[in-house]
Amino acid sequence: MAPVDLAKISSNGLKNAASGENVELGSLWREQAVVLFFLRRFGCQICRWTASEVSKLEPSLKANGVALVGVGPEEIGVEEFKAGGFFKGDVYIDEKKKSYKDLGFKRYNALSVVPAAMGKKVREVSSKASAEGIQGNFTGDLLQSGGMLIVAKGGEKVLMHFIQDSPGDHVPLEDIAKALGISVSVQAGQRPQCNDDVCTR
């Protein structure tokens, strides 16, 4: 994947899930550094668990002038996601999925999504989410993948561009802190052992 062209994607539109206001992606890093967490979908169990993990960093991010933002590819499930309290940052919707496409977040097809969703990483994270009482559903776009983009204040540079290969892939909290050059003291959720009885969400 070619390096992210921030100038090109900065004008991509997003809708604030709380206010309905339309903003440009670049406005999110204009005044401060930002961690942009792109969810596969709001009903995804693994996305909800990852959102709760990333949210452990929110106090440290805020103290260091870094915004935490979640982006979903559609409105389906956003109200349930917000009501569940899975994420401590602002939530936006990329209705045209333009930023997903520009950032190389792939789409599965009907054949490739099944083995991806049944992979060991997915089963492990699903098991951990279930153990923490985080459930999911199968509403919305099941084929979209996600990732993360961390941008320095003013769009000076891309600090991290992470693309999911498997639906169970996520960025370790210490890697996020390292990319930003900040120290954090949070306990990441332990990766569970794979359980063949766990079904994917």
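The basis for the numbers below is simple: all heavy atoms, side chains too, and nothing from hydrogens, waters or symmetry mates. Since we're looking at a predicted model, the values are computed, not measured.
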Is the shortest heavy-atom distance from the side chain of Phe86 to the side chain of Thr50 under 4.5 Å? no
Output all residues satisfying side chain to side chain donor-acceptor pair (under 3.5 Å) with Asn12, sequence neighbours left out; order by chain, then residue number. Ser99, Asp102
Output, in order, the C-alpha distance, side-chain angles, deciding distance and verdict of side-chain contact (heavy atoms from CB on, under 4.5 Å) for Leu57 and Leu68. CA-CA 9 Å; Leu57 294 176; Leu68 177 61; 6.0 Å; no
Under a 3.5 Å distance rule, please check whether Asp94 uses its side chain to pair with a backbone N or O of Lys98 as donor and acceptor. yes
Would you mind reporting whether Phe37 and Val71 have side-chain heavy atoms less than 4.5 Å apart? no
Got Ile182 and Leu61 here, is their nearest side-chain heavy-atom distance under 4.5 Å? yes
Would you say the side chain of Leu28 lies within less than 4.5 Å of the side chain of Leu14, judging by non-hydrogen atoms? yes
Quick check: closest heavy atoms across Ser10 and Ala7, and the distance to 0.1 Å? OG-O, 3.1 Å
Could you tell me the separation between the CH2 atom of Trp29 and the CD atom of Glu24, rounded to the nearest 0.5 Å? 10.0 Å
Under 3.5 Å, is there a donor-acceptor pair linking the side chains of Arg40 and Gln144? no
Can you tell if the side chain of Val66 reaches within under 4.5 Å of the side chain of Gln32, non-hydrogen atoms only? no
Any carboxylate oxygen within less than 4.0 angstrom of a Lys/Arg side-chain nitrogen, looking at Lys153 and Glu156? no
Smallest heavy-atom separation, Phe87 atom then Ser55 atom, equals CA-OG, 3.3 Å
Are side-chain heavy atoms of Arg107 and Lys101 found at a separation under 4.5 Å? no
Find out whether Tyr92 and Val23 are in side-chain contact, i.e. whether some heavy atom of one side chain is under 4.5 Å from a heavy atom of the other. yes
Looking only at non-hydrogen atoms, find the nearest pair between Leu6 and Gly155 and report the distance. CD1-O, 3.5 Å
For the residue pair Tyr100 and Phe105, does the interplanar ring angle fall in the parallel (under 30°), tilted (30 to 60°) or perpendicular (over 60°) class? perpendicular
Heavy-atom side-chain proximity of Lys15 to Glu75 below 4.5 angstrom: yes
Correct closest heavy-atom pair for Gly104 and Ile163 would be O-CG2, 3.5 Å
Presence of salt bridge, Arg48 and Glu80, under 4.0 angstrom: yes
Minimal non-hydrogen separation, Leu36 against Leu25, with atom names: CD1-CD1, 4.1 Å
